[in-house]
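Encoded as structure tokens, the structure appears first; notes follow it.
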Amino acid sequence: MGNPISGERSAACARISKFYNRAAWIDGRAEEQLEQVAGWPGMTAVAGFPDLHPGRFGPVGAAFLADRIWPQLVGPDIGCGMALFRLDLPRRRLKLDKAARRLAVLEDGADLHQALAALDAAGLTGLIGPEALGTIGGGNHFCEVQVVDEVMDHTRTDLQKDDLCLLVHSGSRGRGAGIFQGLDDSWKQGFAAESDAAARYLALHDAAIRWARVNRALIASSASEALGCEARLICDTVHNHVVPHSDSWLHRKGAACPEGGLVPLAGSREAPSYLLEVPDTVPEALGSVSHGAGRKYDRSSMHGRIRKTRSDLAALTRTRFGGRVICGDRDLLLEEAGQAYKDPDQVLQNLAGFGLANAVARLLPLVTFKTTGGAA
DNA sequence: ATGTTC
């Protein structure tokens, strides 16, 4: 990665706060990245969370406070986030294989009329189009039916054990990536807060954020319609964005911004997810918290960790909870295997230990939808 | 991450 300003030595390193202990699985390269970014010009504070892992331009699972805007600390998927919905479908009415088949409608995206109406309601008409709206995308994105396994704090939710939920992880699809790639090279040194380049970036960024929220809502709408029920939003939290924060700019990269004091923490297809309450009482955490378990192993290394026989790959489509995984892309199926991710219970233990979050509910995966198609 | 693509 390296400091993007060659030759310029930063006067001082930002304050670095690490919210994990020795028991946490942290890749040394991610910590090196955290320390390097802390030395970038104008950086005043950085926070690393227990899901920390290496990224392209800096670590993922971290928040960065600076006097300028660094688009690479938001990354290409501007507006990516996790939205959790409650489904008004009794668990006994969910047939896993039938649900798995019906969720294939997500491959098509949203109905065009519905998409245009949703964009209009979000004030995006004329700013950003409906193409790919309602689609999940690739990588770590998914739409997952989950069941509430236990409610730990009934004061923060009306969820009950055995309720069904939908967790949607998606972002701005090609929009954010296009915005990032379309920037002139001056982004490599950060945008001065008052510059025209910053204003142009922020306008596009804000539209991508809103588009990504609409995208998650439409994914949930399509999924719940396919399952014959309705989805009610619990919270929708963004984890890739830059926002004003105490006279500076707060960058979140794989670090969630709570909504109504709540955040979903995604586990994996082989591990629980959690609904967290975030008291926001630790200023060094920069109003942020983990959005998931975090990768343990990078994508390429997963190809050497799992055998690719027909039966080994078939085993990846069933989970230890008896759940289903729909992923017609063989590479993606193993790159996103449960073992590629850290233990969410360990992540939660660290967050709770530092006073950043408490578990409200534990949810188990039942149907993890990625894609029907892809590589043969 | 990606209207990515050997």
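Chain identifiers are assigned alphabetically (A, B, ...) following the order of the sequence lines, protein sequences preceding nucleic acid strands; residue numbering begins at 1 within each chain. Here the structure is a predicted model, which means the values were calculated and not measured.
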Whole-Å distance separating the [atom1] atom of [X] from the [atom2] atom of [N]:
X: Ile209(A); N: dA1(B); atom1: CD1; atom2: P; answer: 15 Å
X: Asn240(A); N: dA1(B); atom1: CG; atom2: P; answer: 8 Å
X: Met82(A); N: dA1(B); atom1: CE; atom2: C1'; answer: 14 Å
X: Arg173(A); N: dA1(B); atom1: CZ; atom2: C1'; answer: 9 Å
X: Asp329(A); N: dA1(B); atom1: CG; atom2: P; answer: 14 Å
X: Gln181(A); N: dT2(B); atom1: CD; atom2: P; answer: 11 Å
X: Lys370(A); N: dA1(B); atom1: NZ; atom2: C1'; answer: 12 Å
X: Leu332(A); N: dA1(B); atom1: CG; atom2: P; answer: 10 Å

Under 4.0 Å, counting only non-hydrogen atoms across every strand here, what does [X] touch: a base, just sugar-phosphate, or nothing?
X: Gly176(A); answer: nothing
X: Gly139(A); answer: sugar-phosphate
X: Gly178(A); answer: nothing

Residue-phosphate contact under 4.0 Å: Arg299(A) side-chain N/O, dA1(B) OP1/OP2: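 So the side chain of Arg299(A) is within the cut-off, an N or O lying under 4.0 Å from OP1 or OP2 of dA1(B).
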Taking ring pair (Phe, Tyr, Trp, His ring centres under 6.0 Å) as the test, write out the residues that go with [X], two or more places apart.
X: Trp187(A); value: Phe57(A), Phe180(A)
X: His53(A); value: none
X: His205(A); value: Tyr201(A)

Every protein N/O lying under 3.5 Å from an N/O of nucleotides 4-6 of chain B:
none

Pairing residues for Glu270(A) by the salt bridge (charged side-chain N to carboxylate O under 4.0 Å, His left out) criterion, not counting sequence neighbours: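 Partners of Glu270(A) under the salt bridge (charged side-chain N to carboxylate O under 4.0 Å, His left out) test: none.
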For Asp77(A), the option from Arg175(A), Lys253(A), His141(A), Arg173(A) that meets side-chain hydrogen bond (donor to acceptor under 3.5 Å, both in side chains):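 In the set Arg175(A), Lys253(A), His141(A), Arg173(A), the residue that makes a side-chain hydrogen bond (donor to acceptor under 3.5 Å, both in side chains) with Asp77(A) is His141(A).
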Close aromatic pair by centroid cut-off 6.0 Å: Trp25(A) and Tyr297(A):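 Yes, the ring of Trp25(A) comes within the 6.0 Å limit of the ring of Tyr297(A), centre to centre.
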Pairs touching residues 278-298 of chain A that satisfy salt bridge (charged side-chain N to carboxylate O under 4.0 Å, His left out), sequence neighbours left out: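 Checked against salt bridge (charged side-chain N to carboxylate O under 4.0 Å, His left out) - neighbours excluded - the pairs reaching residues 278-298 of chain A are Arg295(A)-Glu336(A).
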